[in-house]
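So the structure is just underneath, and the comments pick up after that.
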Amino acid sequence: MMSATALNTPPSSRPIVVTHGGAGADARDRDGCAAAANAGMQSLRDGSGALQAAVAAVRVLEDDPRFNAGTGSVLRMDGVTVEMDAAVMDSQGRLGAVAGLRRVRHPVQVAAAVADTPHWLLCGEGALRFARHIGAGDHDPVTPQALRKHQSMLEKLRRGERLVHGEDNASFAQHWNYPTPLAVAPGQACDTVGAVVRDAGGHYAVAGSTGGCAPALLGRVGDTPIIGAGFYAGPAGAVAVTGIGEHIVRHLLAHTVHGWMADGMPLDDALRRALTLFDPAIDIGLIAVNASDSGACSNRDMPWAAAEGAQ
C-alpha cells in the first residue's frame with residue numbers, strides 16, 4: 001500500500017509541524033502524532049525556533065508507550081536491554097545525535113544538547129555520561145507493553161516465523177553477541193518517531209528518535225542517528241525517514257529526497273519517488289516540509305499528523 005498526502009501552503013513560510021509514529025505502526029494511533037504536532041506548534045507560538053519545536057514534538061512521542069521511542073522502546077533479545085538512538089538537525093547548521101543510549105527518558109533532548117558540543121554524535125557509555133552531565137535523570141524505559149511485545153516476538157520466533165525481510169538466519173545467528181544463543185529466526189520491524197518543522201522565518205528542522213529493533217545484535221544502530229539517512233535539514237527543507245535502517249542507509253534517503261526538492265521536484269513527487277527505491281516488502285515511510293508544501297508518504301500504515309500556524 002502506497003499513500004502520500006501533501007499539504008499545500010503559500011511560500012510565505014506559514015509555520016508547520018509534521019510528525020510520524022513509524023512505518024508499520026498502528027494508524028489508529030494518529031492522535032498521539034497530533035498531540036506531538038500540537039506541542040511543536042505551541043513551542044513555536046511561545047517563541048522557540050524550528051529545532052526546539054521539533055524536539056518538543058518528539059518528546060511527546062517519546063512519552064507515549066504506543067510508539068517505539070523513549071518509554072515505548074523495544075527490548076533487545078536478552079529481554080532486559082534497551083538501546084535508543086536520536087538525532088536533530090536544522091537548516092542553520094545545528095546538528096546532534098546519540099546512539100546506543102540507555103536509561104534516559106528523552107533521548108532527543110540529549111541529542112539536542114550534543115549539538116552544543118564540539119561533536120555531532122555520542123554513543124554508548126559516553127552518551128550516557130553526557131546525558132547525566134546535562135541533568136537527564138535515570139529512567140527505566142521498560143513498560144508492561146514492551147514486555148508483552150517481547151514475549152509475543154519470542155513466540156513468533158519459536159514458531160519459526162521470519163520477521164525481517166532479506167535476513168539470512170544462519171549468518172545472523174553466527175554473529176550473535178548475547179550470552180544466550182539464538183536458536184530461531186530473528187526479526188521484528190524497526191519503528192521510529194520523527195518531526196519536521198518550518199518556522200515563521202522559513203527555517204527548517206528535523207528530529208527523530210527510536211527504541212531500536214529486536215532481535216538485533218547488541219549495539220546495533222540503524223538509520224535514525226545517521227545524518228543524511230534517517231534525517232536531514234537544509235536550505236530546501238527537512239526530511240525524516242522511518243523503516244528498516246539497514247536498507248535506508250544505503251540510499252542516504254533523507255539527503256537524497258532533500259536533493260530532489262532542491263532541484264525543483266515537488267515535495268509529493270519526491271516522497272513517492274523515494275518509495276520506488278525499495279523492495280515493496282521493506283517498510284519505508286517519510287515526512288517532509290519545504291518552502292511551500294508538507295506531507296507524508298509510506299508503503300505501510302503510518303500514523304502521522306500536521307499542525308499549521310497562522311501567517
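Only this structure's heavy atoms are used, side chains among them; waters, hydrogens and symmetry mates stay out.
- A 4.5 Å side-chain heavy-atom check between L95 and F231 finds at least one atom pair inside the cut-off.
- Side-chain heavy atoms closer than 4.5 Å link hydrophobic residues (I, L, V, M, F, W, Y) into clusters, and following such links, even through other members, never connects W304 to V17.
- To the nearest 0.5 Å, atom CG of residue D29 and atom CG of residue L61 are 10.5 Å apart.
- Few gaps surround CZ on R132; more than 12 heavy atoms of other groups in view lie less than 6.0 Å from it.
- Of the residues I227, V241, V206, the one that meets the side chain to side chain contact (heavy atoms under 4.5 Å, CB included) test with Y232 is I227.
- Clustering ILVMFWY residues whenever any of their side-chain heavy atoms sit less than 4.5 angstrom apart, transitively, puts M265 in the very cluster that holds L277.
- The structure places CD1 of I284 at 4.0 Å from CD1 of I248, a figure rounded to the nearest 0.5 Å.
- R198 places a side-chain N or O within 3.5 Å of a backbone atom of N290 that can act as its donor or acceptor partner.
- Using a 4.5 Å heavy-atom threshold, the side chains of E83 and L218 count as touching.
- For the pairing with M261, the side chain to side chain contact (heavy atoms under 4.5 Å, CB included) check across V239, L271, V289 returns one residue only, V239.
- Side-chain contact check for V58 versus V193: some heavy-atom pair is nearer than 4.5 Å.
- Taking all atoms of both residues into account, the shortest heavy-atom contact from G40 to A56 is CA-CB, 4.5 Å.
- In this structure the side chain of F67 reaches within 4.5 angstrom of the side chain of P303, judged on heavy atoms.
- Under the 3.5 Å distance criterion, with hydrogens and angles disregarded, no donor-acceptor pair is assigned to the side chains of H247 and D223.
- Within the 4.5 Å cutoff, side-chain heavy atoms of I287 are placed close to those of M302.
- Distance check: R94 CZ to L51 CG gives 5.5 Å after rounding to the nearest 0.5 Å.
- Closest of all the heavy-atom pairs between A195 and T19 is CB-CG2, 4.0 Å.
- One finds no salt bridge joining R59 and D63 here, because no Lys/Arg side-chain nitrogen approaches an Asp/Glu carboxylate oxygen to under 4.0 Å.
- With hydrogens and angles disregarded, a donor-acceptor distance shorter than 3.5 Å links the side chain of Y204 to the backbone of A291.
- Taking all atoms of both residues into account, the shortest heavy-atom contact from H20 to C33 is C-SG, 3.7 Å.
- Salt bridge status for R14 with E308: present, with a side-chain N to carboxylate O gap under 4.0 Å.
- Using a 4.5 Å heavy-atom cutoff, the side chains of V98 and V114 are in contact.
- No donor-acceptor pair under 3.5 Å is formed between the side chain of S209 and the backbone N or O of A69.
- Nearest heavy atom pair, residue G230 against residue A254, reads C-CB, 4.0 Å.
- Using modelled atom types, no side-chain atom of N68 and backbone atom of C213 make a donor-acceptor pair closer than 3.5 Å.
- In this structure, the separation between CG on L253 and CG on L275 is 8.5 Å, given to the nearest 0.5 Å.
- Remark: of the listed residues V82, T81, D138, T81 is the sole one forming a side chain to side chain contact (heavy atoms under 4.5 Å, CB included) with R102.
- A donor-acceptor distance shorter than 3.5 angstrom exists from the side chain of E62 to the backbone of V108, with no hydrogens or angles considered.
- Closest heavy-atom contact between G234 and S91: O-CB, 3.4 Å.
- At a threshold of 4.5 Å between non-hydrogen side-chain atoms, the residues T242 and R300 do not count as touching.
- Between D199 and A50, the shortest heavy-atom contact is OD2-N, 3.4 Å.
- Inspection of the N38 and Q42 side chains reveals no N or O donor paired with an N or O acceptor under 3.5 Å.
- Remark: side-chain polar atoms of D85 are paired, donor with acceptor, to backbone N or O of G100 under 3.5 angstrom.
- The existence of a salt bridge linking R28 and D301 is excluded, since no basic side-chain nitrogen approaches an acidic carboxylate oxygen closer than 4.0 Å.
- Taking CG of L122 as the reference point, atom CG of L101 lies at 9.5 Å (rounded to 0.5 Å).
- Distance check, rounded to the nearest 0.5 Å: OG1 of T71 to CZ of R66 gives 13.5 Å.
- Side chains of T117 and F130 form a contact here, defined as non-hydrogen atoms less than 4.5 Å apart.
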